[in-house]
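The structure displayed is predicted, hence computed values, not measured ones. If you read the sequence from its start, that first residue is 1, and numbering goes on from there. As a basis for the values below, the full set of heavy atoms in this structure was taken, side chains included, without hydrogen atoms, waters or symmetry mates.
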Amino acid sequence: MKVYTAAEMRRYEQAAVDAGTSFEQLMENAGQRAAADLLRRLPIAGRALVVCGKGNNGGDGLVMARVLQQHGWQVDVAFALGRNLSPLAELNLKRLAGLSGIGFVDAEISAGRLKAAYDVVIEGIFGTGFTGSLPDSVAAACRLLNLSDGLKVALDIPTGLNGDTGEADAAAFRADITYTFAAFKPAHLSEAGKSLCGEIVCVDII
């Protein structure tokens, strides 16, 4: 089992890029392979909500949204931190333009609608670099997402969980499945991680 801190993960990704795999391809591989595993579990198309942050964790979610749409899913996308996205996330947002079955919704979805409207909720707000306490708006979003009756999926690590230390915000997202990319993170093995991550699936990105 490989276990990488956030700094070690950055070095791993840079080494992959130095060896000829672009950051764009790493993101594509992450989203494609996580989506492939999810589709094996849920072969009948349904409705999904993908909640993105500004950075590359959200970009992974946007790749997954595209893959799910290609397999007949209806996908709503919400931005928990606005639409000022990282370049790679913005690139993958543009790839959703004009696709049937892709909708954009406000991050403040009503609790009643969220609870039963989606078969899957995919959370990609903060990745392994998260530290400190969640901003109030993100904490509120996570509390709302936790109410969903659908399968709850975290990308790399549930938002609100510090990937290196295992410290968790009280409002952290509570996943049924966590797709971690390239390696496990220290927090996955912590007590908080065991309660927040659900099943952890390590996805290769190269």
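Side-chain atoms of V17 and Y12, non-hydrogen and from C-beta on, never get closer than 4.5 Å to each other. Contact annotation: the side chain of F126 never approaches that of N57 to less than 4.5 Å [non-hydrogen atoms, C-beta and beyond]. Side-chain atoms of L91 and M27, non-hydrogen and from C-beta on, never get closer than 4.5 Å to each other. Two residues are said to be in side-chain contact when any heavy atoms from C-beta on lie closer than 4.5 Å; Y179 and D37 meet this criterion. Looking only at side-chain heavy atoms (C-beta outward), F173 and N146 come within less than 4.5 Å of each other. At a threshold of 4.5 Å between non-hydrogen side-chain atoms, the residues V203 and T180 do not count as touching.
Within 6.0 Å of NZ on K94 lie no more than 12 heavy atoms contributed by other residues, nucleotides or ligands. Other residues, nucleotides and ligands contribute more than 12 heavy atoms inside 6.0 Å of the CG atom of D18.
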Sequence neighbours left out, cut at 3.5 Å: what donor-acceptor pairs do the side chains of residues 58-79 make with other protein atoms?
from	atom 1	to	atom 2	distance (Å)
R66	NH1	E28	OE2	3.1
R66	NH2	E28	OE1	2.8
R66	NH2	N92	OD1	2.9
Q69	NE2	S100	O	2.8
H71	ND1	V67	O	3.0
D76	OD2	R47	NH2	3.1
D76	OD2	R113	NH2	3.4
D76	OD2	Y118	OH	2.6

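At a threshold of 4.0 Å, the pair E191-K194 counts as salt-bridged, since one of the basic side-chain nitrogens sits closer than that to a carboxylate oxygen. A salt bridge links K185 with D156: at least one charged nitrogen is closer than 4.0 Å to a carboxylate oxygen. Ionic pairing of R41 and E199 is present here: one or more N-O contacts between side-chain nitrogen and carboxylate oxygen are shorter than 4.0 angstrom.
In terms of heavy-atom proximity, G166 sits nearest to S190 at CA-OG, 3.7 Å. Minimum heavy-atom separation, P158 to L196: CG-O, 3.6 Å. Heavy atoms only, all atoms of each residue included: A80 and I125 are closest at CB-CD1, 4.0 Å. Across all their heavy atoms, H188 and C197 have their closest contact at CD2-SG, 3.7 Å. When all heavy atoms of S133 and D169 are compared, the closest pair comes out as CA-OD2, 3.6 Å.
If you run side chain to side chain contact (heavy atoms under 4.5 Å, CB included) between E123 and each of I157, T159, T178, only T159 comes through. When each of I122, I177, V121 is paired with L151, the side chain to side chain contact (heavy atoms under 4.5 Å, CB included) condition holds for I177 and for no other.
Neither side chain, S22 nor E24, offers a donor N or O lying under 3.5 Å from an acceptor on the other. With 3.5 Å as the limit, one finds no donor-acceptor pair spanning the side chains of D164 and T5.
To the nearest 0.5 Å, the span separating CG on L85 from SG on C52 amounts to 8.0 Å.
In the hydrophobic clustering of ILVMFWY residues, with side-chain heavy atoms under 4.5 Å counting as a link, L147 and V153 come out apart. Connection of I200 to I205 is not established within any shared hydrophobic cluster, with ILVMFWY side chains joined at heavy-atom distances below 4.5 Å, either directly or through further cluster members. Hydrophobic cluster membership differs between L49 and L42, with clusters built from Ile, Leu, Val, Met, Phe, Trp and Tyr side chains linked at under 4.5 angstrom.
With a 6.0 Å cutoff to the six-membered ring centre and a 45° limit on the axis angle, R10 does not count as a cation-pi contact of Y4.
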